[in-house]
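Let me begin by presenting the structure, written as structure tokens, before commenting on it.
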2 protein chains.
Amino acid sequence: MKKYQEIYHDLKEKIRTNLYPAETSLPTEQQLQEIYGVSRDTVRKALAMLTEGGLIQKVQGRGSMVLKQEILNFPVSGLTSYQELTNSLQLSSQTQVVSLEQVTVNSSLASLTGFEPYSKVWKVVRTRSIDGKVSVVDTDYLAEELVPELTFEIAEKSIYEYLEGQLGLDIAYAQKEITVEPTSREERDLMQCQDDYLVLIKSRVYLGDTRQFQYTESKHKIDKFRFVDFARRKHSL
Amino acid sequence: MKKYQEIYHDLKEKIRTNLYPAETSLPTEQQLQEIYGVSRDTVRKALAMLTEGGLIQKVQGRGSMVLKQEILNFPVSGLTSYQELTNSLQLSSQTQVVSLEQVTVNSSLASLTGFEPYSKVWKVVRTRSIDGKVSVVDTDYLAEELVPELTFEIAEKSIYEYLEGQLGLDIAYAQKEITVEPTSREERDLMQCQDDYLVLIKSRVYLGDTRQFQYTESKHKIDKFRFVDFARRKHSL
DNA sequence: AAGTGGTCTAGACCACACT
DNA sequence: GTGTGGTCTAGACCACTTC
């Protein structure tokens, strides 16, 4: 583990457990240097990560303030898998694999997913239920070139855990789009509801070397959908 | 302007104009050092900003790849005002100020907005129309302590431009929440539609010194709503 | 004036990708 | 092996807040 990551984790943990309470200052950069026995740059890298994640705000001449986490604040944004989310929120949810098959990308699927025409991909459809009620339907497409093997068991647990843990893939970034769409007959059947609309999240997900490995359409029941985000202003358009 | 910001802007412009085309590599860090006559750290800071914004992806041992911007990619995420958005997308839209008043924060408004009870705030309601049809209704609350003066004219143009340009406020970060809600009678009247649902974006916005200056509820017509995001995976939960 | 974070530099060594 | 980005260090000076 890199030094600045360790410092980041340590500070994050201390903020979480109120050892550094909200509305107070973190130790100064100089003090942190001494505490962890590293150079200033390394401390600053860890602080930059905390800043990025919305945990602190640095004020020049004053210090690094710990931000209070509002009620509305848990990380639903970013690039986090459903399984990781339910774990960190300690929700009890159930994943059901509806179908799992290999398909060849045709031209319309190519423009939708971003995959090359004629390439082979896995198509997985899964439902996510809370309290026995379906709240999300996910349709995933995974490049077979990068994910040679996929089973019901893996899809039922966590595909991301398998990709990162077993296959050692480096999941790096994603482009997402959120819209609200009218429901189709099949969707109403899968979700066991009569809603006219659902929230649709399309995302293309890429590895660290810029190869695309996934395209997902995630359909959320409209009354179960909630997206929380921390954003910083870019003074540099 | 800071050196790394200038380099960032220059590189960004050169990517935008295809001088550095998508799918190709940027010059190496060493070359960029020589081009701009700065140290490696300064180059790396500029590259970090491009990475953050989803314009490039660095691959160890290979270089900095310019990412192709998908069709679905314009910056609706982040912390950008409506006026800035319509400008950068070159949409012709109209803002109508529905009301502008000063109110004193009571306890229920306090817990909603995050402002102190008994403090004074401006309340502004505005509609945004495209092609003569209302697509967004914004309700803003602005701390009077930080924004002593507010007029119809300012609210009609761009409040952010006024705050940053005239008042010199440093708008830094925001916490947002997106949900879908049933419409009320008034909302249907304001939006001149019969939709049952709308998209609600609540946001609390803060200055660089962590003081909150704004709370906004932005209500979007369901078929006009679109949110696009670039997200990086945090391997550090 | 003292203390704090912000910027910038120069140099070292490591990890990874290419050929 | 060579070249690339990743990490880490040590030191300098500036800008801002606080007293």
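Residue numbering restarts at 1 for every chain, and letters A, B, ... go by the order of the sequence lines.
When the side chain to side chain donor-acceptor pair (under 3.5 Å) test is applied to E13(A), the partners found at least two apart in sequence or on another chain are R16(A). Every residue meeting the salt bridge (Lys or Arg N to Asp or Glu O under 4.0 Å) condition with K14(A), not counting sequence neighbours, appears here in chain and number order: D10(A). Scored by the salt bridge (Lys or Arg N to Asp or Glu O under 4.0 Å) test, E29(B) finds R40(B), R44(B), K58(B) as partners (sequence neighbours excluded). Looking at residues two or more places apart in sequence or on another chain, you find no side chain to side chain donor-acceptor pair (under 3.5 Å) involving E144(A). In this view, D41(B) satisfies the salt bridge (Lys or Arg N to Asp or Glu O under 4.0 Å) rule with no residue, not counting sequence neighbours. Every side chain to side chain donor-acceptor pair (under 3.5 Å) that T216(A) has, sequence neighbours left out, goes to D140(A), Q214(A). Under the salt bridge (Lys or Arg N to Asp or Glu O under 4.0 Å) criterion, E34(B) pairs with no residue at all, not counting sequence neighbours. Take A48(B) and apply the side chain to side chain contact (heavy atoms under 4.5 Å, CB included) test, not counting sequence neighbours, and it matches no residue. Here T104(A) pairs with K120(A) under the side chain to side chain contact (heavy atoms under 4.5 Å, CB included) rule; sequence neighbours left out.
Within residues 55-63 of chain B, the residues that place at least one heavy atom under 4.0 Å from DNA chain D are, in residue-number order, K58(B), V59(B), Q60(B), G61(B), G63(B).
Position along DNA chain D of the nearest nucleotide to D41(A) versus R44(B) favours R44(B) as the more 5'-ward residue.
Put simply, chain A comes within 4.0 Å of DNA chain D, heavy atom to any atom, from dT7(D) to dT18(D), going 5' to 3'.
Here L26(A) contributes atom CG and Q31(A) contributes atom CD; the two are 10.0 Å apart, rounded to the nearest 0.5 Å.
Atoms CD (Q31(A)) and P (dA2(C)) sit 18 Å apart, rounded to a whole Å.
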Applying the Watson-Crick and G-U criteria (both distances under 3.5 angstrom) with [ ] for crossing and | for other-strand pairs, one obtains for DNA chain C ||||||||||||||||||.
